Peer 1: 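I'd like to ask some things about the structure below.
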Amino acid sequence: MSAVTPTKANAGAPDPDGTAPASASAIFDSLDPANGDVVGTYPEHSADDVHRAVERAHEAAAWWSALSFDERGDLLTRWKGVITRRIAQLAHVVHQETGKPHADAQLEIALTVEHLSWAAGHAEKVLGRHRVNPGMMMANQAATVEYKPLGVIGVIGPWNYPVFTPMGSIGYALAAGNAVVFKPSEYTPGVGTWLADAFSEIVPDHPVFQVVTGHGETGAALAGSRVGKVAFTGSTRTGKLVMKAAAENLTPVIIEAGGKDALLVDEDADVAAAADAAVWGALSNAGQTCTGIERAYVHERVYDQFVAEVLRLAKDVRTGSDADAQIGPITMPSQLGVIQEHLSDAVARGGQALLGGADAVGDRYVQPTVLVDVPEDALAITDETFGPTLAIAKVPDMDEAVRRTNASRYGLGSSVFSKSRGAELASRIRSGMTSVNSVIAFAAIPSLPFGGVGDSGFGRIHGADGLKEFTFAKSVARQRMKPVLLLTSFTRSAKADGQLTQLLTMRHGGSSTLPKAGRRRRKKG
Ligand code: NDP
């Protein structure tokens, strides 16, 4: 890749760092959820600040989109290098603002770097101009398609994976040639600011990636601003508000919302591996994972063994904020009430807590909780709990497991443990992603699109789909030679009309002439 040095030209109103200047002096604190300490103070950007940031971003987008794929790729690679070399520093900010263990923060950043690398390295191949077959009727034309950037992308992110989740939009949007204005969660403004500051070290003179900080109003202003697309990650409820605000300007949106992911265990599964995956999928990050496992449907033949193994592993998972703790506090204090409500409701309806329970909810931490016999219409089964809880249900067969999994209004991720039927069961589950014989693996594979259906939202980040999400298709048909039949002219003859009819009958008049596109090899397994 060739190197490019950003110039002062077209710089608009360059900021000292990636944080957009604030007009007023309103500020807010970011707190450590483990103890309530103030770990940073950030501007509360107003609607005017947001609109000015978006205006500056449009100027920056003109410069950024005019670079070649190689030039952008070179700058993104340098940014990736800064993030990688300072991974401990960024992990510390993540730990302070979310409470998650350092090692988990580091894992999240490592996966982000892999994605950024993939997006930068694949943008040209996926989005660059390429020829497509014009078809027999238009054989005189050369047909090409390329994918052009939308301009400025507004990214609104959550706090639970404050690097990995928004960067699934930011990295791919930048690689596709867009500028970005990012509103991080009010719980993780420091992480968003860190990322933008690091970017502005590489691109100091053009506000290609800016951060606006604040509460819901700041996000609402971004959703209603003059951006080419809004990429929202957060709850389904807020996602609807974002869509409403964006509709005012006919701004397209991506909604990456919540989930209620299930893990299915078949009778021939490796039960120990399934239990290990279920415990990590449910409890890691204190259950505050959009694709976290909240339900398990287990074949009756292996149910007892699975429950015993889950309890054996889960009882040793330790909460805290010290170096040896495996799960941290609940980042958003209001979530404690939601978790408590789900656990109380489950027990009141006949569910049993084999570990933890409603008493496991403390002032800042929730202890690992394993429930069984919870009715399917209880909150712990129907709604996103977002805590370190797992509800396990016994099923007579895998048809029932699939039926119950698909009864959810959510459809984000899922996991299947089966030696012989993994791929088959995975394809029957109505969710955007499924891991077979592992958990959440799909999120770590940059070439796989990530996103949900139903109340989990729509649109895709990651992979080729994730790059295209931040572009529009530009199609060009270039006439290479005069057509044999000139059809798009008032000079068209009656003879040409007749020839067209004959040709059409030959091509499409039969009943067994389904034209097959080149088939991809189907994979077994
Ligand atoms: P929220 O929906 O509460 O907030 C998400 C973002 O939207 C925050 O930056 C928030 O700002 C902002 N916001 C709040 N109100 C508005 C508004 N009216 N207009 C525009 N933006 C607004 O979600 P959480 O931050 O609590 O994140 C947790 C949720 O995210 C869970 O449901 C989880 O499943 C989901 N999630 C989904 C993922 C996916 O890829 N599908 C990945 C990760 C999480 P502020 O914080 O300042 O209120």
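These figures come from a predicted structure and were not determined experimentally. Order of appearance sets the numbers: ligands from 1, and atoms from 1 within every ligand.
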Peer 1: Counting each atom of ligand 1 from 1 as listed, which ones have a heavy atom of Met332 under 4.0 Å away?
Peer 2: 26 (O)
Peer 1: Hey, which atoms in ligand 1 end up nearer than 4.0 Å to a heavy atom of Thr165?
Peer 2: 42 (C), 43 (C)
Peer 1: Pick, from Thr218, Thr188, Leu241, the option with the minimum heavy-atom distance to atom 18 (N) of ligand 1.
Peer 2: Leu241
Peer 1: Name the closest protein heavy atom to atom 42 (C) of ligand 1, giving the residue it belongs to and the distance to 0.1 Å.
Peer 2: Cys290 SG, 2.7 Å
Peer 1: Give the intermediate values and the outcome of salt bridge (charged side-chain N to carboxylate O under 4.0 Å, His left out) for residues Glu59 and Arg56.
Peer 2: CA-CA 5 Å; Glu59 287 176 33; Arg56 283 194 301 278; over 6 Å; no
Peer 1: Given Ser235, Gly219, Ser456, which one has a non-hydrogen atom that is nearest to atom 20 (C) of ligand 1?
Peer 2: Gly219
Peer 1: Ignoring hydrogens and geometry beyond distance, is a side-chain donor-acceptor pair present between Thr331 and Thr98 at under 3.5 Å?
Peer 2: no
Peer 1: To which protein heavy atom is atom 33 (C) of ligand 1 closest, and what is the distance rounded to 0.1 Å?
Peer 2: Phe386 CZ, 3.4 Å
Peer 1: Among protein heavy atoms, which sits nearest to atom 10 (C) of ligand 1, and what does the distance come to when rounded to 0.1 Å?
Peer 2: Lys183 NZ, 3.9 Å
Peer 1: Determine, considering heavy atoms only, which of Thr238, Ile255, Thr236 sits nearest to atom 15 (N) of ligand 1.
Peer 2: Thr238
Peer 1: If we count only N and O atoms by modelled type, under 3.5 Å, do the side chains of Asp29 and Thr41 hold a donor and an acceptor together?
Peer 2: yes
Peer 1: For ligand 1, does Phe450 get within less than 4.0 Å through its side chain, its backbone, both, or neither, judged by non-hydrogen atoms?
Peer 2: side chain
Peer 1: With heavy-atom distances below 4.0 Å as the criterion, list the atoms of ligand 1 near Gly234.
Peer 2: 2 (O), 5 (C), 23 (O), 29 (C), 30 (O), 32 (O), 35 (C)
Peer 1: Would you say Ala245 contacts ligand 1, with heavy atoms under 4.0 Å as the rule?
Peer 2: no
Peer 1: Do Thr238 and Phe232 have side-chain heavy atoms sitting under 4.5 Å apart?
Peer 2: yes
Peer 1: Mind checking whether Glu384 contacts ligand 1 via backbone (N, CA, C, O), side chain (CB onward), both or neither, at a 4.0 Å heavy-atom cut-off?
Peer 2: side chain
Peer 1: Is the Phe164 to His115 ring centre distance short of 6.0 Å?
Peer 2: yes
Peer 1: Mind checking whether Gly157 has a heavy atom under 4.0 Å from ligand 1?
Peer 2: yes
Peer 1: Heavy-atom contact check, 4.0 Å cutoff: does Gly168 meet ligand 1?
Peer 2: no
Peer 1: Among Glu384, Arg237, Arg409, which one satisfies side-chain contact (heavy atoms from CB on, under 4.5 Å) with Asp455?
Peer 2: Arg409
Peer 1: Is Trp159 near ligand 1, meaning one of its heavy atoms is under 4.0 Å from it?
Peer 2: yes
Peer 1: For ligand 1, which atoms sit closer than 4.0 Å to a heavy atom of Ala257?
Peer 2: 37 (C), 38 (C), 39 (C), 41 (N)
Peer 1: Going by side-chain contact (heavy atoms from CB on, under 4.5 Å), Met433 matches just one of Leu448, Ile445, Leu412. Which one?
Peer 2: Leu412
Peer 1: Check whether Tyr410 forms a cation-pi arrangement with Lys260 (NZ or CZ under 6.0 Å from the six-membered ring centre, at most 45° off the ring normal).
Peer 2: no
Peer 1: How does Val242 reach ligand 1, if at all, at less than 4.0 Å between non-hydrogen atoms: by side chain, backbone, both, or neither?
Peer 2: side chain
Peer 1: Go through ligand 1 atom by atom and flag the ones less than 4.0 Å from a non-hydrogen atom of Gly214.
Peer 2: 47 (O)
Peer 1: Pick out which of Gln210, His45, Glu55 makes a side-chain contact (heavy atoms from CB on, under 4.5 Å) with Val181.
Peer 2: Gln210
Peer 1: Among Thr193, Ile27, Val212, which one satisfies side-chain contact (heavy atoms from CB on, under 4.5 Å) with Tyr42?
Peer 2: Thr193
Peer 1: Check salt bridge (Lys or Arg N to Asp or Glu O under 4.0 Å) between Arg349 and all other residues, then give those that pass, not counting sequence neighbours.
Peer 2: Asp345, Asp377
Peer 1: Of all the atoms in ligand 1, which lie at a distance below 4.0 Å from a heavy atom belonging to Leu412?
Peer 2: 41 (N)
Peer 1: For Ala223, which part has a heavy atom under 4.0 Å from ligand 1: side chain, backbone, both, or neither?
Peer 2: neither
Peer 1: For Tyr161 and Thr289, run side-chain hydrogen bond (donor to acceptor under 3.5 Å, both in side chains): C-alpha distance rounded to whole Å, both residues' side-chain angles, the deciding distance at 0.1 Å, then the answer.
Peer 2: CA-CA 8 Å; Tyr161 288 87; Thr289 303; 2.6 Å; yes
